[in-house]
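Some notes on the structure that comes next.
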Amino acid sequence: MRLKREFYERENVVEIAKDLLGKQLVSSIDDTLVAGYITEVEAYSGVDDKACHANNGKRTRRTEVMFGSGGHAYVYFCYGIHHMMNVVCNVQGQADAVLIRAIQPIEGMDVMCQRRKKDRVNKNLTCGPGKVGQALGLQTKAHNGLDLMREVLWIEEAPNRMAEEVFATTRIGVDYAEEDALKPWRFYIKNSEWISKK
DNA sequence: AATTAGATGTTCT
DNA sequence: GAACATCTAATTA
């Protein structure tokens with residue numbers, strides 16, 4: 001079952017980010033099913049968060065989706081190379097989002113390897129936001145704004161065995177964000193091998 | 001094992 | 001021009 005709109009439209013992004021750990025991320029782009037458990041995320045808290053693209057009410061063609069209603073994908077192109085996948089949270093008008101930083105592959109390993117130009121499955125396949133985007137098949141801006149309720153990208157409830165210990169720490173690559181760079185808004189599953197840093 | 005260069009779209013100065 | 005929610009391959013020690 002796909003997660004419902006109400007899951008994403010809650011007010012507290014940090015709670016949503018933690019709740020997303022262990023859920024199943026699925027993509028059926030190009031008629032190919034690929035899935036993985038979410039193992040690492042980061043919360044970005046809209047206009048009041050200096051690390052967020054929408055901070056201070058910054059509204060551009062790129063950030064527009066974040067201001068829409070929760071349960072949509074915010075896919076953006078980073079460093080001229082990588083497509084990163086975020087989940088838009090909170091209601092319309094609020095620009096909260098959760099960045100998916102790492103997943104543990106469950107299904108479609110062969111396709112993921114092919115997309116990532118690897119010949120075998122190992123941690124390197126999906127342990128980082130750019131890698132996750134590539135493994136899911138996100139290659140163009142066309143995937144920006146997809147509705148997770150009805151389209152080719154979504155998140156499902158997963159067996160509860162993944163509800164293990166969660167670690168909270170600072171976000172990565174946001175040193176420029178002054179005091180907000182210190183917020184412990186990066187979460188990962190403690191025992192998982194599938195995270196972006198050792 | 002650790003550091004560095006290079007890839008380059010979007011946004012802001 | 002410069003900076004940026006990164007990754008890889010090559011180089012250095």
Side-chain angles (χ1 to χ4, degrees), chain A residues 8 13-14 16-18 20-21 25 34 36 38-68 70 72-90 94-105 112-146 153 155 167-189 193-198:
Chain A
Y8 304 103
V13 226
V14 173
I16 300 174
K18 281 190 274 194
L20 280 172
L21 287 176
L25 177 61
V34 155
I38 298 172
T39 54
E40 181 180 346
V41 294
E42 277 177 10
Y44 286 85
S45 183
V47 297
D48 296 324
D49 180 0
K50 289 192 174 119
C52 182
H53 289 157
N55 93 88
N56 207 23
K58 213 165 283 175
R59 230 172 150 135
T60 64
R61 184 115 92 279
R62 185 175 67 156
T63 64
E64 190 59 32
V65 247
M66 271 202 285
F67 288 90
H72 290 83
Y74 169 45
V75 175
Y76 93 97
F77 203 46
C78 182
Y79 294 119
I81 303 260
H82 306 286
H83 290 272
M84 316 256 206
M85 177 181 171
N86 301 248
V87 178
V88 177
C89 293
N90 214 325
Q94 299 296 123
D96 299 354
V98 175
L99 170 67
I100 310 294
R101 290 191 57 89
I103 63 176
Q104 172 187 338
M112 292 200 233
C113 288
Q114 199 181 324
R115 283 173 175 158
R116 298 235 49 236
K117 301 193 187 6
K118 301 285 175 201
D119 50 5
R120 49 173 64 192
V121 176
N122 66 354
K123 276 180 264 182
N124 238 3
L125 200 63
T126 51
C127 64
K131 301 175 190 176
V132 170
Q134 201 179 352
L136 292 176
L138 305 173
Q139 281 167 340
T140 71
K141 290 187 290 188
H143 301 125
N144 192 23
L146 286 179
L153 194 58
I155 299 175
F167 242 65
T169 180
T170 51
R171 294 175 290 183
I172 290 179
V174 295
D175 298 342
Y176 61 90
E178 298 166 32
E179 75 274 15
D180 287 336
L182 302 175
K183 296 243 163 79
W185 285 354
R186 168 171 167 246
F187 304 100
Y188 60 88
I189 294 174
E193 291 293 310
W194 302 88
I195 56 176
S196 65
K197 280 198 162 176
K198 71 132 202 344

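Residue numbering restarts at 1 for every chain, and letters A, B, ... go by the order of the sequence lines.
Checking C:dA5, C:dC7, B:dG9 against every side-chain atom of A:His53, the shortest atom distance belongs to C:dA5. Comparing C:dT8, B:dA7, C:dC7 by their nearest atom to the side chain of A:Ile81 picks out B:dA7. Distances were taken from every side-chain heavy atom of A:Val174 (C-beta onward) to each of C:dT6, C:dA5, C:dC7; the shortest belongs to C:dA5.
Dashed line: the shortest gap from a side-chain N or O of A:Lys141 to OP1 or OP2 of B:dT10 is under 4.0 Å. Contact annotation: A:Arg116 side-chain N/O to C:dC7 OP1/OP2 distance is not under 4.0 Å.
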Can A:Leu136 and A:Leu25 be said to form a side chain to side chain contact (heavy atoms under 4.5 Å, CB included), step by step? CA-CA 9 Å; A:Leu136 292 176; A:Leu25 177 61; 3.7 Å; yes

Just do the side chain to side chain contact (heavy atoms under 4.5 Å, CB included) check on A:Cys113 and A:Val121 with the steps written out, would you? CA-CA 7 Å; A:Cys113 288; A:Val121 176; 3.8 Å; yes

Start with the C-alpha gap between A:Leu99 and A:Asn86, add the side-chain angles, then the distance that decides, and say whether side chain to side chain contact (heavy atoms under 4.5 Å, CB included) holds. CA-CA 4 Å; A:Leu99 170 67; A:Asn86 301 248; 3.5 Å; yes

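Open room surrounds CZ on A:Phe167; 12 or fewer heavy atoms of other groups in view lie less than 6.0 Å from it.
With rounding to whole Å, A:Met66 atom CE is found 15 Å from B:dT10 atom P. Atom CD1 in A:Ile100 sits roughly 13 Å away from atom C1' in C:dA5 (whole-Å rounding). Separating the NE2 atom of A:His83 from the P atom of B:dT8 is a distance of 13 Å, rounded to the nearest angstrom. Remark: C1' of C:dC7 and NZ of A:Lys117 are 13 Å apart, rounded to the nearest angstrom. One can place CD of A:Gln139 at 21 Å from P of B:dA7, the figure rounded to the nearest angstrom. Separating the CG atom of A:Leu138 from the P atom of B:dG9 is a distance of 18 Å, rounded to the nearest angstrom. For A:Met84 and B:dG9, the CE to P distance is 15 Å, given to the nearest whole Å. Here the P atom of nucleotide C:dT6 and the CZ atom of A:Arg171 are 12 Å apart, to the nearest Å.
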N/O to N/O distances under 3.5 Å, protein versus nucleotides 11-13 of chain B:
residue, atom, partner, partner atom, Å
B:dT11, OP1, A:Thr60, OG1, 3.0
B:dT11, OP1, A:Arg62, N, 2.7

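Within the 4.5 Å cutoff, the side chain of A:Ile155 has heavy atoms near those of the A:Ile38 side chain. For the pair A:Tyr74 and A:Met84, the minimum side-chain heavy-atom distance is 4.5 Å or more.
A stacked arrangement is not assigned to A:Tyr79 and the six-membered base ring of B:dG9, the conditions of a centre distance below 5.5 Å and an interplanar angle below 30° not being jointly met.
Paired runs in DNA chain B that reach 3 or more consecutive Watson-Crick or G-U pairs, where each pair keeps both distances under 3.5 Å, cover B:1-7 with C:6-12, B:9-12 with C:1-4.
Exactly one residue among A:Lys197, A:Arg186, A:Lys18 makes a salt bridge (Lys or Arg N to Asp or Glu O under 4.0 Å) with A:Glu40. That residue is A:Arg186.
Between the P atoms of C:dA13 and B:dA5, the separation comes to 13 Å (whole Å). Comparing the P positions of C:dA5 and B:dT13 gives an interatomic distance of 14 Å, to the nearest angstrom.
Sequence order on DNA chain C of the closest nucleotides to A:Gln134 and A:Tyr176 puts A:Tyr176 first from the 5' end.
Taking the six-membered ring where the residue is Trp, A:Phe77 and A:His83 present tilted rings, their angle falling between 30° and 60°.
Panel note: side chain A:Thr39, backbone A:Ile189; no donor-acceptor pair is recorded below 3.5 Å.
Within the 4.0 angstrom heavy-atom criterion, base atoms lie near A:Leu99.
Using a 4.0 Å cut-off between charged side-chain N and carboxylate O, A:Lys50 and A:Glu178 make a salt bridge.
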